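Below: the structure, in structure tokens.
In what follows, chains carry the letters A, B, and so on, assigned in the order in which the sequence lines appear, proteins first and then strands, with residues in each chain numbered from 1. Since the model is a prediction, treat every value here as computed from it, not as a measurement. Every heavy atom of this structure was used, including side-chain atoms; hydrogens, water molecules and symmetry mates were not.
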Amino acid sequence: MSDYKFSEFEKKWQSNWANSNLGKCDLNSQKPKFYNLCMYPYPSGDLHMGHIRNYTIGDVITRYKKLIGYNVLSPMGWDSFGLPAENAAIKTGIHPKKFTEDRMKNMKDQIIRLGSLYDWDREVAAHTEEYYKWTQYLFIQLFNNDLAYKKDAPVNWCTSCKTVLANEQVIEGNCDRCDAIVTQKNLNQWFLSISKYSEELLSGLNDIGDWPENVKSMQKNWIGKSVGAQFNLEVIDSDISIEVFTTRPDTLFGMTFAVISPEHKLMKNILDLSKNQENIKNYISSASSKSEFERMSITKEKTGVDTGLFVINPLTNESIPLWIADYVLINYGTGAIMAVPGHDQRDYDFAKKYNIEIKQVIKDPNKEGGIELEAYTGHGELVNSDNFDGLNSHEEASSQIIKKLTESNIGSAKTTYRLRDWLISRQRYWGCPIPLVNCNKCGLVAENIENLPVKLPEIDDYLNTDGSPLSKSESFVNVNCPECGNPATRETDTMDTFVDSSWYFMRYLDPKNSEKPFNEEHINNWLPVDQYIGGVEHAILHLLYSRFFVKALRDLDMVKVNEPFENLFSQGMINFKGSKMSKSKGNIVDPEGYFKSHGADALRLYILFMAPPSDGVEWNDGGIEGTRRFLFKLWDNLETISELEEIDSKNSDEEKLEIYLNQTIDSVTKHLEKFEFNTAVSDLMKINNQITDYIKNNKVISSEVKKSTLQNVCLLLNPFAPHISSEIFQRNFNTEITEHNWPSVNKEKIKNPTYELVVQVNGKKKHAIEASRGLQQTEIEQLCFENFKLVVKEYKKVIFVQDKIINYVG
RNA sequence: GCGGAUGUGGCGGAACUGGUAGACGCGCUGGAUUUAGGAUCCAGUGAGCUUUGCUCGUGGAGGUUCGAGUCCUCUCAUCCGCACCA
């Protein structure tokens, strides 16, 4: 008997795989392709359990797909620009590059310790010049094609990181990195025109492969499509008109006032016209002093100010008052609304507070009268709506009213989206410099391609007090205009790191190309990614941005793909002590200890076994003992099997074992295909228990069953626990397990000759008895009569399901 | 408020097209072994009862069915995302 020395074996196999370059992928192989991608990590320094889960799941897929004959591409790299490196530099004085690269090295060692296979020749890192050169190149392509632009806009400003943030990075008014309060600032910033793709990003979700429902729904929500009408409200005694958007044109006759946002661009004109200037000015300044978050959450009580002006309801020709109120958002729709208090609760609250008329124009089908206490926001029959009375809201009436608006040249049908353009400027050091130059004569000019990359300058002081840290480097800032050659200045902002990660999966296909960002031929052959695996936290941000990038590059004729990721698997989060594991919260569980005490294979098995991979789980290491025990037992069992004396004949125990083995092949394969790794692991534990039973009762084994047991158990285990399965396989067959194929089911040997018949009376189980498979109803009835004295005639009817149950009813 | 999901033993979780609820594992109880602890092995482990057996039991209430964790209607709770989005 030999011992299962997991540390020794794991080390041995990891170096074997590295030496034979097992993870290497030849893109031109004749085998069918399979692009298996795990989200590349931010190099925080140590792997945490979320990484372990991600890369274990990914490696199960890689190894399984290889065994069933695919040419698997499984690359790995680093999302290596970003705030923490810079913050550490400020704190410790270590250069962000050194800091980041040290951490990458450490994490890479740990990933290798987990036993996962990657094609390390394709490793990319976002912070390297070879990579960010091409990020800049792609940015310039977007800029040259009106997909990147700079404009003044109210933006989210993190008071602690001292940088602007994208909408997607603001969580309940706080910075998603540091939790500090986010305020609004008006700044000149860079945007990518993701909103041009709103409709395609939305409709694409219907044609995409297998994506989790919750991720699709989060993206749908975020894009936020609303269908309705847009029309103009004429301000009486003036030449201004205000454009409004509504999803409820069917309630237009109920409009009794109009509201515009305090930030509205017509505010200056309104101020000029109004006799209520003092109050308006006060209101606007008090609204602007509040953060957007405050305005939305601190008080639900609506406030506003009357302009004293009137607009005309275009369908009734009535004059109605125009108000200013901050419950109307400048960023959505047109920044102005038609207010229908009878059928919108917010307008209702506002009208009640300021004593504005409330008019009912939709009848609640479930209630007589009805808007005395609250607005009726549902659909129903139109009333008080002139010749539209009697129509049904919402579709019919809306389309009729839109038709009327269109014919009268007042408005038209309109669709709006909540998705806004992606703000990518960051006032930080450790990021990709924006490769644009400001020239007094030529304006904003892209750097010449041959001058890329625009290198991140060396600076001493990373703190961004006022502008960007890059503005402190004069040699960086002062350049000659790429167009006219006159003195000019560089942009000093860096890009959001999500720009880097929006195309890394394309760079992997040709990571060392010094001529182009990627090789179109490879992209067109290998994209979309067949299986993308990562955490739900990227449901909106990264997954939406990457989809946009691919579509934009397609429209620039650079690639011929519509979507980056065909199938997405999003693993649940692993929490510890109630919250997400993170260094700042100090609730990290370090995998290193488990590598030493239980082994990488036991850790992999446990993390797969603990829950369905899409579920979030609370980390609890109680069960890891179980998977370790399983591996020790399996080691001993298979060694015992291999040492059993071989004979030619088979007994019934061996036939049973053979059948069980086939059932296991069938079950593990099905579970693997459906990402049900927890049950696949339990199948492996069950076959191990069967082997234990066999050994207990038998001292010899047929050579055929011996071989198929050893071989198939190792192969089935291999994707989950690659080290131990490789070792056992090599000891018995003297070849590498990776040169073999995934086992297939022998259909002759998958069904047991007998089954346990369940005997029910009135649907309740009364007896169970072993019966031969295939017996007919009369034979079973005879069996039940003999054993349980059940007489068919005494019952009203008998229900029989072959090879399953018999139920006596009556 | 809107959208998505999830509710099964002490715990993590199984259960294919409706057909033995609780697989597999953790924990726990008893026993064997051990100087002791650990490890290992054997047996037991949903609850209740009048214990050769019976009754109840998958968040709750109804319904369909010979038969429901699974299908239908209503309802409650938890988690996640978005949220004054017109």
Side-chain angles (χ1 to χ4, degrees), chain A residues 171-172 212-226 228 244-248 251 259 261 292 295-297 299-302 325-329 331-340 343-347 349-350 377 416-419 536-537 539-540 572-573 575 605-606 609-612 614-618 620-627 629-630 632-633 636 666-667 670-671 676 678-689 692 696 755-768 795-801 803-810:
Chain A
I171 312 295
E172 291 186 346
E213 215 36 63
N214 61 337
V215 174
K216 286 202 264 187
S217 109
M218 280 188 229
Q219 293 211 354
K220 275 180 201 160
N221 265 324
W222 190 258
I223 295 166
K225 181 178 184 174
S226 305
V244 296
F245 171 74
T246 178
T247 54
R248 292 295 302 271
T251 64
V259 189
S261 160
E292 190 171 357
R295 269 167 59 173
M296 291 189 302
S297 66
T299 163
K300 287 277 176 192
E301 170 94 27
K302 292 179 179 41
D326 65 4
Y327 81 91
V328 173
L329 307 175
N331 285 320
Y332 187 76
T334 61
I337 60 161
M338 69 169 202
V340 183
H343 305 285
D344 181 291
Q345 193 57 43
R346 294 155 300 176
D347 298 344
D349 296 342
F350 194 82
T377 56
T416 61
Y417 300 87
R418 204 186 76 107
L419 182 66
V536 256
E537 62 273 22
I540 302 177
M573 285 211 281
N575 290 331
L605 283 176
Y606 178 57
F609 181 63
M610 67 192 300
S614 54
D615 286 9
V617 281
E618 176 69 21
N620 168 346
D621 68 0
I624 192 170
E625 205 49 54
T627 53
R629 248 174 243 164
F630 159 67
F632 271 86
K633 246 186 259 178
D636 288 348
D666 187 48
S667 180
K670 283 178 180 156
H671 286 310
E676 294 164 348
N678 53 332
T679 44
V681 173
S682 100
D683 285 336
L684 294 165
M685 290 172 165
K686 285 189 217 173
I687 184 83
N688 192 34
N689 295 343
T692 307
K696 232 188 274 174
Y755 69 100
E756 198 170 43
L757 173 78
V758 172
V759 182
Q760 295 182 333
V761 176
N762 289 323
K764 292 198 172 175
K765 181 191 167 190
K766 291 291 167 185
H767 314 278
Y795 293 90
K796 276 194 202 136
K797 61 173 167 176
V798 174
I799 287 168
F800 175 68
V801 181
D803 296 348
K804 227 165 224 166
I805 63 149
I806 185 160
N807 187 6
Y808 292 81
V809 183

Query - By side-chain hydrogen bond (donor to acceptor under 3.5 Å, both in side chains) - contacts of A:Asn678 (at least two apart) - result: none

Report summary line: Contacts of A:Thr692 meeting side-chain hydrogen bond (donor to acceptor under 3.5 Å, both in side chains) (sequence neighbours excluded), chain-then-number -> A:Asn637

Query raised in the report: Who pairs with A:Thr416 by side-chain hydrogen bond (donor to acceptor under 3.5 Å, both in side chains), at least two apart in sequence or on another chain?
Result: A:Tyr332

**Report entry** Structure string for RNA chain B in dot-bracket form, Watson-Crick and G-U at under 3.5 Å, | interchain
**Finding:** (((((((..(((......[....)))((((((.......))))))((((...))))..(((((..]....))))))))))))....

Report task. List in chain and number order the residues that pass salt bridge (charged side-chain N to carboxylate O under 4.0 Å, His left out) with A:Lys225, two or more places apart in sequence or in another chain; answer none if no residue qualifies. Result -> A:Glu199

**Report entry** Under 4.0 Å protein heavy-atom contact, by nucleotide of nucleotides 46-54 of chain B - B base, S sugar-phosphate only
**Finding:** ---------

Requested in this report: Please name all residues satisfying salt bridge (charged side-chain N to carboxylate O under 4.0 Å, His left out) with A:Lys670, sequence neighbours left out, ordered by chain then number.
Outcome: A:Asp666

Query - Residues forming a salt bridge (charged side-chain N to carboxylate O under 4.0 Å, His left out) with A:Asp803, sequence neighbours excluded - result: A:Arg773

Report task. Name all residues meeting the side chain to side chain contact (heavy atoms under 4.5 Å, CB included) criterion together with A:Tyr795; count only those two or more places apart in sequence or in a different chain, and write none if there are none. Result -> A:Val761, A:Leu790, A:Tyr808

**Report entry** Counterpart residues, salt bridge (charged side-chain N to carboxylate O under 4.0 Å, His left out), relative to A:Asp344 (two or more places apart)
**Finding:** A:Arg346

**Report entry** Those residues that, when tested against A:Glu625, pass side-chain hydrogen bond (donor to acceptor under 3.5 Å, both in side chains) (two or more places apart)
**Finding:** A:His598, A:Arg628

Query raised in the report: So what does A:Lys764 touch, heavy atoms closer than 4.0 Å: a base, only the sugar-phosphate, or nothing?
Result: sugar-phosphate

Report task. Let me have a per-nucleotide readout for nucleotides 8-21 of chain B, 5' to 3', with B, S or -, counting only protein heavy atoms under 4.0 Å. Result -> ----BSS--B-BB-

Requested in this report: Determine the contact category for A:Lys796: base if any of its heavy atoms lies under 4.0 Å from a base atom, sugar-phosphate if only primed atoms, P, OP1 or OP2 are that close, otherwise nothing.
Outcome: nothing

